[in-house]
Protein chains: 2
Amino acid sequence: MSMKGREVILGILQGGPHTGYEINDILQTRLSHFFDATFGMIYPTLKKLEAEKLVTKQQISQTDRPNKNIYTITKAGQAAFSKAISEPTSDEILKSDFLMHLYFSQDLPTEQVALFFKEEISRKEAKLATLQAQLATWLENGMTDRQQITFDYGIAYYTATLEVLKKAAKSIAS
Amino acid sequence: MSMKGREVILGILQGGPHTGYEINDILQTRLSHFFDATFGMIYPTLKKLEAEKLVTKQQISQTDRPNKNIYTITKAGQAAFSKAISEPTSDEILKSDFLMHLYFSQDLPTEQVALFFKEEISRKEAKLATLQAQLATWLENGMTDRQQITFDYGIAYYTATLEVLKKAAKSIAS
DNA sequence: ATTGTCATGTAATTAGTTACATGATTAA
DNA sequence: TTAATCATGTAACTAATTACATGACAAT
């Protein structure tokens with residue numbers, strides 16, 4: 001079994017107490033190239049973790065901004081996390097809707113396929129730019145050597161696939 | 001909305017009638033680097049597609065082997081597929097349990113992290129080898145130019161990430 | 001005026017996973 | 001005798017998605 005939302009959130013909370021909003025932010029900026037999360041998953045998961053006493057909630061009332069809940073990992077939560085992180089890793093999963101469309105695109109006109117390429121290239125370029133932009137602030141906040149590898153992996157992955165995409169887009173158009 | 005099991009199976013059936021077993025085989029060999037499927041998904045999906053009259057089932061009795069069901073796409077099925085393939089593509093999703101472990105591995109001993117690397121490298125090398133081995137037979141059975149791109153993409157993806165992994169594995173060990 | 005930031009949540013649905021169950025034939 | 005190939009399915013579960021709902025403040 002691979003690490004799911006539960007374990008990922010526990011992992012983030014091991015780095016200190018956070019609100020659901022902050023957890024989302026960390027997920028979107030630093031882990032977005034190998035995990036994706038939404039508020040629709042984060043809040044219900046925090047609720048379950050609290051019910052299982054793996055985290056505790058501290059409610060903070062604010063006047064200028066909405067009230068917030070700060071979650072802190074408990075001893076039991078740390079134990080659950082330690083167990084999860086020690087388990088063997090499972091297979092990486094890539095789901096590409098673009099490649100799926102391309103694979104079955106035989107009846108589509110060239111222009112439409114060209115548009116799919118254009119959109120996929122834009123998306124990937126944006127993701128690559130976000131990741132590279134993150135590097136500076138991430139380094140300041142203390143990026144470990146191991147985290148640096150996850151960053152390098154993401155950069156290599158986007159760079160290599162973008163190259164294939166750009167070359168193919170040209171050959172399609174001709 | 002991206003193409004799900006439903007649409008993928010319809011896409012495969014557009015290439016001709018197939019059994020669930022054959023659909024699985026195509027999925028495992030040609031699309032495995034960007035989609036994953038299991039029998040637990042394939043058979044229930046075929047049943048639903050039949051109920052919705054998007055495919056028809058022909059039962060074949062065999063003596064030497066288990067009986068089988070051959071599924072054929074209907075006009076309605078072709079229409080549903082055409083619609084799905086024309087829709088805009090959605091974001092690619094990568095889920096890496098290995099990177100997740102690595103990201104949160106600060107408290108794990110070097111040896112354990114080294115083992116994670118070793119296993120991830122083996123898995124990726126195996127996937128790369130399978131994909132390259134497929135090329136020959138795939139070309140014989142008529143691989144289109146567009147399908148060739150999905151193949152190139154997979155090769156580039158595995159090659160680039162393997163390089164990062166191997167380099168990092170060395171630096172970790174020292 | 002409008003967009004972005006901060007901030008939390010629920011309800012309904014869907015899709016997929018995991019585990020189980022069966023069993024003959026063929027090749028190494 | 002062990003593994004692989006062929007071949008199909010169900011039941012229970014889990015995880016996540018999608019869509020909805022609310023709302024003030026700050027910046028452009």
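Treat the numbers as computed from the prediction; the structure is a model and nothing was measured. Side-chain atoms are counted along with the backbone in the values below, which use heavy atoms only and exclude waters and symmetry mates. Numbered from 1 within each chain, the chains take letters A, B, ... in sequence-line order.
Spacing between atom CG of A:D91 and atom C1' of C:dG16 amounts to 16 Å, rounded to whole angstrom units. Taking atom NZ of residue B:K48 and atom P of nucleotide C:dT14, one finds them 10 Å apart after rounding to whole Å. One interatomic measurement links the two molecules: CG of B:D64 to P of D:dT5, which rounds to 17 Å at whole-angstrom precision. Rounded to an integer number of Å, the gap from CG of B:L49 to C1' of C:dG16 is 15 Å. Spacing between atom CE of A:M1 and atom P of D:dA16 amounts to 13 Å, rounded to whole angstrom units. To the nearest angstrom, P of D:dT8 lies 13 Å from NE2 of B:H18. Rounding to whole angstrom units, NZ of residue A:K68 and P of C:dA7 are separated by 5 Å. For B:K95 and C:dG16, the NZ to C1' distance is 11 Å, given to the nearest whole Å.
Contacts of residues 19-29 of chain A with DNA chain C (heavy atom under 4.0 Å): A:T19, A:G20, A:Y21.
When distances are taken from the side chain of B:P44 to each of C:dG9, D:dG9, D:dT10, the shortest belongs to D:dT10. Listed nucleotides: D:dA15, D:dT17, C:dA7. Nearest to the side chain of A:K4: D:dA15. Considering only the side chain of B:Q62, D:dA7 comes nearest among D:dA7, D:dA16, D:dT18. For A:F39, the listed nucleotide lying nearest its side chain is C:dT8; candidates were C:dT8, D:dT10, C:dT18. Listed nucleotides: C:dC6, C:dT18, C:dG9. Nearest to the side chain of A:R65: C:dC6. Of the candidate nucleotides C:dG9, C:dT10, C:dT17, C:dT17 has the atom nearest to the side chain of B:M41. Each of C:dT18, C:dG9, D:dT8 was ranked by its minimum atom distance to the side chain of B:N69; first place goes to D:dT8.
The pair A:E120-A:R123 meets the salt-bridge criterion, with a side-chain N (NZ, NE, NH1 or NH2) lying under 4.0 Å from an Asp/Glu carboxylate O.
Counting heavy atoms of neighbouring residues, nucleotides and ligands inside a 6.0 Å radius, atom CG of B:D64 exceeds 12 of them.
In this structure, A:T161 OG1 and B:D152 CG are separated by 12.5 Å, a value rounded to the nearest 0.5 Å. Put simply, CZ on A:F39 and CG on A:L46 are 11.0 Å apart, with the number rounded to the nearest 0.5 Å.
For residues 95-105 of chain B, the side-chain hydrogen bond (donor to acceptor under 3.5 Å, both in side chains) pairs, not counting sequence neighbours, are A:S90-B:D97, A:R146-B:S105.
Between A:H33 and A:Y158, the ring-plane angle classifies as tilted under the 30° and 60° cut-offs.
A search for salt bridge (Lys or Arg N to Asp or Glu O under 4.0 Å) contacts involving B:E92 returns A:K124, not counting sequence neighbours.
DNA chain D is contacted by both A:T63 and B:Q59; B:Q59 maps to the nucleotide lying nearer its 5′ end (nearest heavy atom per residue). Residues A:F35 and B:P66 each lie close to DNA chain D; by heavy-atom proximity, the contact nearer the 5' end of the strand is made by B:P66.
For B:N67 and C:dA24, the shortest distance from a side-chain N or O to OP1 or OP2 is not below 4.0 Å. Taking only side-chain nitrogens and oxygens, A:K47 comes nearer than 4.0 Å to OP1 or OP2 of C:dT10.
Between B:Y153 and B:F34, the distance separating the two ring centers is not shorter than 6.0 angstrom.
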